[in-house]
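Before any comments, here is the structure.
Per chain, numbering begins at 1; letters A, B, ... match sequence-line order. Computed over heavy atoms, backbone and side chain alike; hydrogens, waters and symmetry mates excluded.
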2 protein chains.
Amino acid sequence: MPEATVARLPLYLRALTTLAERGVATVSSEELAASAGVNSAKLRKDLSYLGSYGTRGVGYEVDFLRHQITREIGLTQDWAVVIVGIGNLGHALANYGGFASRGFRIAALVDADPSRVGEEVTGLKVRHADELEQIVQDLGIAIGVVATPARAAQLVCDRLVAAGVTSILNFAPAIVQVPEGVDLRKVDLSTELQILAYHEQRKNGAALALTAEQAAELAEAVNG
Amino acid sequence: MPEATVARLPLYLRALTTLAERGVATVSSEELAASAGVNSAKLRKDLSYLGSYGTRGVGYEVDFLRHQITREIGLTQDWAVVIVGIGNLGHALANYGGFASRGFRIAALVDADPSRVGEEVTGLKVRHADELEQIVQDLGIAIGVVATPARAAQLVCDRLVAAGVTSILNFAPAIVQVPEGVDLRKVDLSTELQILAYHEQRKNGAALALTAEQAAELAEAVNG
DNA sequence: AGACGCTTGTGAACGTGTGCACAAAGTTGC
DNA sequence: GCAACTTTGTGCACACGTTCACAAGCGTCT
Ligand SMILES: NC(=O)c1ccc[n+]([C@@H]2O[C@H](COP(=O)([O-])OP(=O)(O)OC[C@H]3O[C@@H](n4cnc5c(N)ncnc54)[C@H](O)[C@@H]3O)[C@@H](O)[C@H]2O)c1
Ligand SMILES: NC(=O)c1ccc[n+]([C@@H]2O[C@H](COP(=O)([O-])OP(=O)(O)OC[C@H]3O[C@@H](n4cnc5c(N)ncnc54)[C@H](O)[C@@H]3O)[C@@H](O)[C@H]2O)c1
């Protein structure tokens with residue numbers, strides 16, 4: 001299954017959930033594609049990797065397709081997650097209710113700062129980083145979320161991996177190396193803003209260029 | 001300039017900043033690529049879109065290259081940003097110091113909940129959503145960050161666009177439509193976790209398959 | 001039953017992105 | 001000044017992803 005397809009399955013799943021809540025039983029690729037914000041041909045090709053679950057002339061059965069995608073992503077089970085670094089961002093993530101409803105259970109919160117240890121967040125006590133290995137093993141945690149400062153990120157990831165975590169989502173703006181077999185994804189908010197800034201700048205440049213062109217046209221019109 | 005290159009420039013910029021802080025004056029594509037976590041050929045090709053700023057046999061001058069990338073992304077100026085939705089995530093973003101150091105100034109905080117309006121976060125008073133248009137225009141804001149619940153996201157984006165915002169970073173798990181000329185990027189944390197879960201499941205599947213294979217081999221060895 | 005209309009699933013063309021490999025261009029040492 | 005060495009910039013081949021376009025399949029209506 002192509003990586004690009006995998007990245008879109010959660011999108012389809014969300015769209016299907018919304019449709020199911022609205023009581024829609026059947027949906028065409030065109031409609032579902034619109035709900036997910038993608039091209040319908042792409043949607044059909046993506047779904048074809050799961051198998052032939054559509055009915056020609058009709059479309060896809062919402063509940064059935066939802067189940068197939070859920071199974072494919074591996075959300076039939078709940079995944080235990082540990083969050084490391086309970087600062088601004090860690091708190092927000094811990095308080096976020098959207099994870100539980102999407103197959104993830106925040107199983108533990110960990111911080112290195114003794115003054116944060118013991119604090120209760122959403123019914124979970126923050127535990128000390130020294131206990132990380134024990135926690136991961138006891139709770140069978142496979143997924144770690146890193147929300148520490150950048151300088152601690154590599155160390156934290158090393159310790160997560162050593163403890164047995166094989167998937168990491170990193171929020172710290174740092175390049176982190178992990179051994180083969182461990183999946184690492186990063187979310188980089190500053191980068192996202194900088195990409196927007198790049199296009200924003202070019203928009204303004206284009207606007208100025210257009211004005212110049214309009215000026216030239218105007219000049220020609222006056223001269224002509 | 002290819003979009004993939006644009007998405008990597010912030011990465012290079014960060015690596016260069018780290019090198020500059022360490023007092024490094026010159027860097028080869030190989031070293032810089034390692035710092036940024038990419039292939040060196042890709043790095044050189046990316047940089048070649050900016051112009052020929054390297055010296056063969058030597059490498060790139062750190063400060064000079066940093067300036068060139070800064071200019072290309074459009075970070076010679078500071079961009080004013082408004083955050084809409086000051087809940088868990090909005091607070092974390094508002095409190096985050098990393099934006100200011102990367103060319104972004106959080107200029108305004110907006111929420112629809114009257115009980116949140118007036119609250120002070122990092123020296124900024126939260127203002128009411130009704131004032132959004134006025135705020136955007138008065139402060140010359142071009143970039144908006146949406147951290148509201150999903151059901152409000154489309155409405156908020158529409159209002160941001162109507163007020164003159166032309167770049168939006170959306171954290172809400174919702175498909176949002178914007179008119180041509182407006183850039184929309186989304187950060188979707190649940191999706192990231194789900195992608196990790198997919199690979200995690202396959203890792204376990206692969207492990208099981210391997211065990212089955214080993215079992216078959218074992219059986220054959222016993223029979224043979 | 002058969003014709004008609006609708007929708008899926010997919011082959012094929014196209015576009016974008018990646019990485020190798022090497023000539024060109026610079027530096028260093030003698 | 002020349003040879004040896006280092007590193008950039010890029011042509012080229014390949015891999016990956018997207019989109020079009022259409023035949024095949026299904027349901028419906030007469
Ligand atoms: N807050 C945001 O909105 C935001 C936005 C973008 C990126 N980030 C990044 O996310 C990370 C966290 O940001 P934040 O604002 O929450 O920072 P923060 O300083 O508020 O929190 C960091 C937490 O990590 C803990 N910590 C430090 N070293 C640790 C270690 N070795 N093991 C365990 N815990 C450790 C600290 O005690 C602290 O509680 C940073 O890397 C930041 O750059 C944050
Ligand atoms: N908290 C997280 O870690 C996290 C993680 C992933 C995604 N998200 C997404 O980010 C968004 C915000 O999450 P949160 O946890 O901060 O939610 P939250 O409920 O804590 O905050 C949402 C805020 O938006 C405000 N709001 C609602 N409608 C508004 C409107 N029309 N105009 C302006 N403000 C409005 C609310 O008053 C509230 O203060 C949600 O869509 C959530 O799904 C959050």
With no hydrogens and no angle check, just 3.5 Å: does a side-chain donor-acceptor pair link B:Asp46 and B:Thr5?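 Yes.
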Both A:Gly59 and B:Pro2 contact DNA chain C. Which one's nearest nucleotide lies toward the 5' end?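 Closest to the 5' end, via its nearest nucleotide, is A:Gly59.
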Once you round it to whole Å, what is the distance between [atom2] of [N] and [atom1] of [X]?
X: A:Tyr53; N: C:dT10; atom1: OH; atom2: P; result: 13 Å
X: B:Met1; N: C:dT16; atom1: CE; atom2: P; result: 15 Å
X: B:Arg56; N: C:dA23; atom1: CZ; atom2: P; result: 13 Å
X: B:Leu47; N: C:dT18; atom1: CG; atom2: P; result: 14 Å
X: B:Arg44; N: C:dA23; atom1: CZ; atom2: C1'; result: 13 Å
X: A:Leu50; N: C:dT10; atom1: CG; atom2: P; result: 12 Å
X: A:Asn39; N: C:dC14; atom1: CG; atom2: P; result: 17 Å
X: B:Glu3; N: C:dT18; atom1: CD; atom2: P; result: 12 Å

Nearest heavy-atom neighbours spanning [X] and [Y]:
X: B:Ala162; Y: B:Glu133; value: O-OE2, 3.5 Å
X: B:Leu169; Y: A:Leu189; value: CD2-O, 4.4 Å
X: B:Gln201; Y: A:Arg71; value: NE2-O, 3.3 Å
X: B:Ala20; Y: B:Asp63; value: CB-OD1, 4.1 Å

B:Arg159 side-chain N/O to B:Ala129 backbone N/O, donor-acceptor pair under 3.5 Å: yes
By the 4.0 Å heavy-atom rule, please label A:Ala4 as base, sugar-phosphate, or nothing. sugar-phosphate
Look at all strands and tell whether A:Tyr49 reaches a base, only sugar-phosphate, or nothing, counting heavy atoms closer than 4.0 Å. nothing
Can you work out whether A:Lys45 or B:Gly51 has the more 5'-proximal nearest nucleotide on DNA chain D? B:Gly51
Can you list every salt bridge (Lys or Arg N to Asp or Glu O under 4.0 Å) pair that touches residues 17-38 of chain B, not counting sequence neighbours? none
Does anyone know the first and last nucleotide of DNA chain D in reach of chain B, 5' to 3', at under 4.0 angstrom to a heavy atom?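 Going 5' to 3' along DNA chain D, contacts run D:dT6 to D:dC12.
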